[in-house]
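The structure under discussion appears below in the form of structure tokens.
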There are 2 protein chains.
Amino acid sequence: MITLKELAEKLNVSISTVSKALNGSSEIGEATIARVKETAKMYNYKPNRVALSLKNSKTKTIGVIIPNILNHFFAKVLYGIEKESAKQGYNIITCLSNELYEKEANSLELLANGSVDGFIMSIAEETEVNKKTDHFKDILNQKIPILMFDRVSQAITCDKVVNNDFQAAYDATMHLIKEGRKNIILINKIEELSVGKLRSKGCFKAIEDAKQYNSNLTEVKIPSTENVEVAIENYFDKKQPIDGVICIDNISGGAVLNIAKERGYSIPQDMSIIGFSDDNVLPFTSPKLSTIAQHSDAIGEASVQILVNRLESKEPVETVFKTIDFSLNLRETTL
Amino acid sequence: MITLKELAEKLNVSISTVSKALNGSSEIGEATIARVKETAKMYNYKPNRVALSLKNSKTKTIGVIIPNILNHFFAKVLYGIEKESAKQGYNIITCLSNELYEKEANSLELLANGSVDGFIMSIAEETEVNKKTDHFKDILNQKIPILMFDRVSQAITCDKVVNNDFQAAYDATMHLIKEGRKNIILINKIEELSVGKLRSKGCFKAIEDAKQYNSNLTEVKIPSTENVEVAIENYFDKKQPIDGVICIDNISGGAVLNIAKERGYSIPQDMSIIGFSDDNVLPFTSPKLSTIAQHSDAIGEASVQILVNRLESKEPVETVFKTIDFSLNLRETTL
DNA sequence: TTGAAAGCGCTAACAC
DNA sequence: GTGTTAGCGCTTTCAA
């Protein structure tokens, strides 16, 4: 890595002349600018980003904290974040909380030492369950902005980007009701999470708004520690009538489908199933699973746009709460 | 963020005294050390990482370039990388090449301006296909180490971590042969990639080594741009006898299973199927897919260990070529 | 035992 | 039009 100083020596001019010339300053003569630029290119000069960061107190880097990268939803959000960040000239430092409060708090603290200009994150499950918020407040007090997506904290005032979870669940349930399904079950493996509660509420609201259809909704809560398939098998063993299933996390849908098929249900004739997920997560089920499709990459992109806008705006920016649309993808497990 | 300077003012001592005290230098008196540390804690002092980086010409940051984060294999490697990096006190800057040469070269160049101490990466498909290597050489010439995992370049001398791809494919094929399968097909959707070629070779070698069994192996190459399901359907349409299938990429397995079931094959009685993937990628197939299981997180962990060792070692380190074991996970789609 | 000063690479106000 | 200088936050040599 060649530096300005070395370039200056080679050119027999001062460091600041080189600096100004490379930045095309009008203070410097045409000829010099050309000469400097040429030499810089020849030696493949690149401004040292660390020095720039120190000088400007700006790193052009965003800290991203993801609860679980093996969850396709988060992977796709990260995809969106990275894409938009690159476009805006930002790097991302990625930390994975693995759903743990400790790791999340640690990452925030560690990166708040000047490594990043702001954070984009989704809250770890443990943090949500235990309602921890002090670590967020610490960061915000240091005037480092945080943007939360998907799993957000009511108790914290900051930019937020979420799915329209309530509406999505509402629409899916309404669809089953209008199909004529009477005994619908709601598989909730994420009841501890804010989004889980929201989606659950959406389902019940649909039932309420359509009571003339006389559909029933039974919520099956599965603790996050428990095996999905076993829990679902257990419920089926109860022999309650079921003709509709809504899964509000992004893996249960496939499990329900397989179990139902094994038990002899014709899908979708005997039973409709709707999963919750980004497209293409369960591409190989047969029949193909109908889903509530989150536009996960759009969540990532919007998050970056909102955060970068805040970072680069001269004037104070109002807190943003953005809702990302979803779509109901009816494939082969619904009528 | 409080700085050393501000602490020094509050304590009425010099900046260097504060610095030394915080680092527990023996030059400084016990009493002063205690006083300084206390005040530092009170004001929640954290050394500015950017300043440290500039001073030490070390960022304690690794640049990670992933071809496709939506591929579960890479997501899990990233998981391993992040986990081990955090353990070693490194941050990771994540870039996604999305299989494009341009993006890959760009990320390397961008981060080589002092942002990272070294790189961990897997080569983008486009880069491999076009055999581009100059961008790697540029970086290595700047004395910034690169470690390649999974998809590596023969033409470049650097640390490498790979699956034992040849052996994995060999063992899987041998298993099918010993099951008595005679007409085995090899679904190769990644023939352009080095790992694809290696796995393919492993399969053929097994056939050769076991010619007394009289098993046949037919390779079905699917261009990466083509739809897997359509291509597989097309092959099945040819009505060639098939009683064994090996899929050497990590999604085709599920597709083959569904198509075979739809066409009336009993699995595994009529046909054995083995997929290639990390565990739990296709957890909801029925019957459960047998797979060649990569230990993807181990790849990530090993990569970080090797790179960090190189970065922190005083003496020159020999180039490392590490092979990660796999396991053959026989579930329900094999006899 | 403590402090002053230089320097990592860069920019920008100010001199010349 | 070009150069000098200070300073971003930190460590470290050298001087007191």
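Reckoned from all heavy atoms, side chains included, excluding hydrogens, waters and symmetry mates. Quick note on labels: first sequence line is chain A, next is B, and so on, each numbered from 1.
Figure legend: cation-pi geometry between A:Lys132 and A:Tyr101, with NZ or CZ positioned under 6.0 Å from the six-membered ring centre and within 45° of its axis. Both tests do not hold together for B:Lys160 against B:Phe149: distance to the six-membered ring centre under 6.0 Å, angle to the ring axis within 45°.
Looking only at side-chain heavy atoms (C-beta outward), A:Leu307 and A:Tyr90 stay at 4.5 Å or farther from each other.
Atoms CG (B:Leu22) and P (D:dG9) sit 16 Å apart, rounded to a whole Å. Computed from coordinates, the B:Leu7 CG to C:dT2 C1' distance equals 17 Å when rounded to whole Å. If you take CG of B:Leu4 and C1' of C:dA4, they are 15 Å apart, rounded to a whole angstrom. Between the CG atom of B:Asn23 and the C1' atom of D:dC10 there is a distance of 10 Å, given to the nearest Å. Rounded to whole Å, the distance from CD1 on B:Ile28 to P on C:dA4 is 13 Å. When rounded to the nearest whole Å, the span between CD of B:Glu30 and P of C:dT1 equals 9 Å.
Within 6.0 Å of the CD atom in A:Glu38, the count of heavy atoms belonging to other residues, nucleotides or ligands does not exceed 12.
For A:Thr32 and D:dT2, the shortest distance from a side-chain N or O to OP1 or OP2 is below 4.0 Å. OP1 or OP2 of C:dC8 lies within a sub-4.0 Å distance of a side-chain N or O belonging to A:Lys5.
With sequence neighbours left out, B:Ser107 forms a side-chain hydrogen bond (donor to acceptor under 3.5 Å, both in side chains) with no residue at all. Shown here are the salt bridge (Lys or Arg N to Asp or Glu O under 4.0 Å) partners of B:Glu102, two or more places apart in sequence or in another chain: there are none. A search for side-chain hydrogen bond (donor to acceptor under 3.5 Å, both in side chains) contacts involving A:Thr32 returns nothing, not counting sequence neighbours. In this structure B:Thr3 satisfies the side-chain hydrogen bond (donor to acceptor under 3.5 Å, both in side chains) test together with B:Glu6, sequence neighbours excluded.
Shown for residues 45-58 of chain B: residues whose heavy atoms fall under 4.0 angstrom of DNA chain C, namely B:Leu54, B:Lys55.
A salt bridge between B:Lys83 and B:Asp297 is absent, with no side-chain N of the basic residue lying under 4.0 Å from a carboxylate O of the acidic one.
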Identify each atom pair where a protein N or O and an N or O of nucleotides 3-5 of chain D are less than 3.5 Å apart, giving names and distance.
unit_1	atom_1	unit_2	atom_2	d
D:dG3	OP2	A:Ser14	N	3.1
D:dG3	OP2	A:Ser14	OG	3.4
D:dG3	OP2	A:Thr17	OG1	2.5
D:dG3	N7	A:Ser16	OG	3.4
D:dG3	O6	A:Lys20	NZ	2.2
D:dT4	O4	A:Ser16	OG	3.0

